[in-house]
2 protein chains.
Amino acid sequence: MLNEETLIAGAIATWSSNLDRANKLFCGLDEAALQKQVAPHRNRLVYLWGHLAATHDRMLQLLGIAERVHPEFDAIFLSSPDRASTLPPVDVMRAWWAEVNRRLDASLRELKSNDWVARHTAVSEEDFATEPLRNRFSILITRTNHLAYHIGQATLATK
Amino acid sequence: MLNEETLIAGAIATWSSNLDRANKLFCGLDEAALQKQVAPHRNRLVYLWGHLAATHDRMLQLLGIAERVHPEFDAIFLSSPDRASTLPPVDVMRAWWAEVNRRLDASLRELKSNDWVARHTAVSEEDFATEPLRNRFSILITRTNHLAYHIGQATLATK
């Protein structure tokens, strides 16, 4: 294995283990359990879950690997805070979460090293010329961190 | 820049930006503010801070890059839960946190690609032969995630 392949495999493994953890946290919860807040007056679990699903949905586009699943939910989970919108039914959220992560998982393993160091779709060729770290790999590792950040919060409500 | 160097630079940049965030969260807090809990009956900020410092202190050894600073604090922040031990004074914690992260920062930038894909010190050569992802790079990205996980929690008490 080339060094670059080993590094990428390590980052994907860390992404996957965080996703496993999120699946265990969220996927078994019923409607009532999803209403719990991570701390008094803070986000509810259902909102955090949707926020993560929307973030991962956006990754499909940022990485240029697949069509988005529910871009219309960005308004609920990315542009608005919790309690500002009517949320989708839990079965819709569950299917959305599964489908987004299925498309990601299938594609992440297909990308080659040169794809990972290439720019993501939200940066222009011009900007990328001077900021080469704005690549697909940075999307993977910063979104893994984003996932860990909210898992840390969600854990507080589910222990 | 070789692909492998770009990937490593991206991971170090993400580590650094999480560390900046932790510095902003913890370093300006006084003794009273550090007593806040992230949620009712959950860890206090001072414990999370020490837990992160101890984790980063252990990284020095796991990466084989420098002597540890306060290994004796593992008993307080890694082996015991919050409220089980008398904690070090805040000025000692502040100096510890700064020194650990200073040693890490200096060393991370010195490591070459071949160093990053080499085993960390807690895995045997025998195990590493069949589990090549147990390398220094995995320590960097999993500990960045660990940092993000607890930053997510600490933010709940400091907003």
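Below, chain A is the first sequence line, B the second, and so on; all start at residue 1. Because the structure is a prediction, the values reported are computed rather than measured.
Applying the side-chain hydrogen bond (donor to acceptor under 3.5 Å, both in side chains) test to A:Asn135 and every residue at least two apart in sequence or in another chain returns nothing. With sequence neighbours excluded, no residue forms a salt bridge (Lys or Arg N to Asp or Glu O under 4.0 Å) with A:Arg136.
Neither A:Met1 nor B:Val123 shares a network with the other; the hydrophobic side chains, linked directly or stepwise wherever heavy atoms of I, L, V, M, F, W or Y lie under 4.5 Å apart, form separate groups for each. A:Val92 and A:Leu60 end up in the same hydrophobic cluster when Ile, Leu, Val, Met, Phe, Trp and Tyr side chains are linked at under 4.5 Å. Criterion: ILVMFWY side-chain heavy atoms under 4.5 Å apart, direct or through other members. Under it, B:Leu29 and B:Val90 are part of a common hydrophobic cluster. Criterion: ILVMFWY side-chain heavy atoms under 4.5 Å apart, direct or through other members. Under it, A:Ile65 and A:Trp116 are part of a common hydrophobic cluster.
Ranked by heavy-atom pairs under 4.5 Å with chain A, the list B:Leu133, B:Asn114, B:Ile141, B:Asn3 is led by B:Asn3. The candidate with the highest count of non-hydrogen atom pairs below 4.5 Å against chain B, out of A:Val117, A:Thr144, A:Asn145, is A:Asn145.
Atom CD of A:Glu72 sits in a crowded spot, with more than 12 heavy atoms from other residues, nucleotides or ligands closer than 6.0 Å. The number of heavy-atom neighbours closer than 6.0 Å to CZ of A:Arg58, taken from other residues, nucleotides and ligands shown, is 12 or below.
For residues 5-21 of chain A, the interface with chain B (any heavy-atom pair closer than 4.5 Å) comprises A:Thr6, A:Leu7, A:Ile8, A:Ala9, A:Gly10, A:Ala11, A:Ala13, A:Thr14, A:Asn18, A:Arg21, sorted by residue number. Contacts between residues 124-131 of chain A and chain B, defined by a heavy-atom separation under 4.5 Å, are made by no residue at all.
Within the 4.5 Å cutoff, side-chain heavy atoms of B:Leu156 are placed close to those of A:Leu156.
A distance of 8.0 Å separates CD of B:Glu4 from CG of A:Leu2, quoted to the nearest 0.5 Å. Atom CD of residue B:Gln153 and atom OH of residue A:Tyr149 lie 10.5 Å apart, to the nearest 0.5 angstrom.
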